[in-house]
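Step one of this worksheet: look at the structure below.
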Amino acid sequence: MIFLFPAPSGPPRSVVGSPRSQSSIIIQWQPPDQDKWNGQLHGYIIRYKPSGYPDSTISYHNITVVTTSLFELTGLIIFQEYEIAVAAYNKKGVGVYSDILRVRTQEGKPTRPPRNVKAVAVNST
């Protein structure tokens with residue numbers, strides 16, 4: 001008898017994220033419930049894009065080490081919210097993505113001084 005297992009049928013659990021810097025976010029997760037693996041896991045896919053831009057390109061990062069449950073997304077836009085999801089995969093394909101996680105990178109310092117600054121005396125003091 002030959003068993004053909006489908007892709008994982010459950011998402012990674014406990015997906016959390018937090019800003020690490022003004023251009024990076026740390027993502028952490030737990031594997032899907034083992035009864036949803038449908039065979040041996042081969043890794044994870046992290047899917048992310050800037051929030052509020054429906055036409056923006058979705059980026060992907062492939063994690064090929066199954067024991068990894070922490071990853072830092074780098075090269076992100078300063079003070080931008082990102083929509084992030086994680087899915088496990090096996091030899092049959094990518095499974096179910098986690099719920100979308102929204103995380104904003106940290107603020108950066110201003111790159112230019114203020115422009116058109118004006119002051120007006122309100123009274124004599």
Side-chain angles (χ1 to χ4, degrees):
M1 181 182 294
I2 298 175
F3 293 99
L4 297 175
F5 296 108
S9 56
R13 298 172 293 122
S14 305
V15 179
V16 295
S18 61
R20 171 105 173 153
S21 73
Q22 61 189 19
S23 63
S24 69
I25 293 172
I26 290 280
I27 308 300
Q28 193 169 12
W29 64 90
Q30 296 297 317
D33 292 327
Q34 195 164 3
D35 64 333
K36 306 261 168 87
W37 289 12
N38 299 327
Q40 187 64 36
L41 294 182
H42 288 233
Y44 297 93
I45 300 288
I46 298 175
R47 174 178 79 184
Y48 61 100
K49 74 179 199 93
S51 294
Y53 297 94
D55 296 331
S56 66
T57 302
I58 297 174
S59 297
Y60 296 89
H61 194 82
N62 184 9
I63 310 293
T64 58
V65 179
V66 173
T67 57
T68 299
S69 62
L70 178 80
F71 187 78
E72 183 176 3
L73 296 173
T74 60
L76 305 177
I77 300 168
I78 297 170
F79 200 58
Q80 172 65 50
E81 183 180 71
Y82 281 84
E83 297 175 1
I84 304 164
V86 182
Y89 66 89
N90 61 20
K91 67 181 180 180
K92 287 295 185 174
V94 177
V96 179
Y97 276 93
S98 65
D99 289 337
I100 291 175
L101 176 69
R102 288 182 167 76
V103 182
R104 182 179 296 277
T105 54
Q106 292 177 356
E107 290 184 57
K109 63 181 182 180
T111 56
R112 289 188 241 152
R115 297 184 319 181
N116 299 325
V117 177
K118 297 178 182 175
V120 176
V122 180
N123 57 41
S124 62
T125 58

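Because only heavy atoms are used, hydrogens play no part in the values below, and waters and symmetry mates are left out as well, while side chains stay in.
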Give a yes or no answer on whether the side chain of [X] reaches the backbone of [Y] with a donor-acceptor pair at less than 3.5 Å.
X      : Y     : answer
Ser98  : Val15 : no
Thr68  : Leu70 : no
Thr105 : Phe79 : yes
Arg20  : Ile26 : no

Check residues 34-41 and write down every donor-acceptor pair under 3.5 Å in which the side-chain atom is one partner and the other belongs to a residue at least two apart or another chain.
from: Trp37; atom 1: NE1; to: Pro32; atom 2: O; distance (Å): 2.9
from: Asn38; atom 1: ND2; to: Ala7; atom 2: O; distance (Å): 2.9
from: Asn38; atom 1: ND2; to: Ser9; atom 2: OG; distance (Å): 3.3

Linked, directly or transitively: [X] and [Y] (ILVMFWY side chains, under 4.5 Å):
X      : Y      : result
Ile77  : Val103 : yes
Leu101 : Ile63  : yes
Ile58  : Val94  : yes
Val16  : Val86  : no

Among residues at least two apart in sequence or on other chains, which ones pass ring-ring contact (aromatic ring centres under 6.0 Å, His included) with Phe71?
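For Phe71 the ring-ring contact (aromatic ring centres under 6.0 Å, His included) partners, ignoring immediate neighbours, are His61.
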Please report the closest heavy-atom contact between Lys92 and Pro6, naming both atoms and the distance.
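So the minimum-distance heavy-atom pair works out to CB-C, 3.8 Å.
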Ser24 and Glu72: side chain donor to acceptor below 3.5 Å:
yes
Exercise answer: donor-acceptor pairs, residues 43-53 side-chain atoms, under 3.5 Å, sequence neighbours excluded:
from: Lys49; atom 1: NZ; to: Tyr53; atom 2: O; distance (Å): 2.9
from: Ser51; atom 1: OG; to: Glu81; atom 2: OE1; distance (Å): 3.2

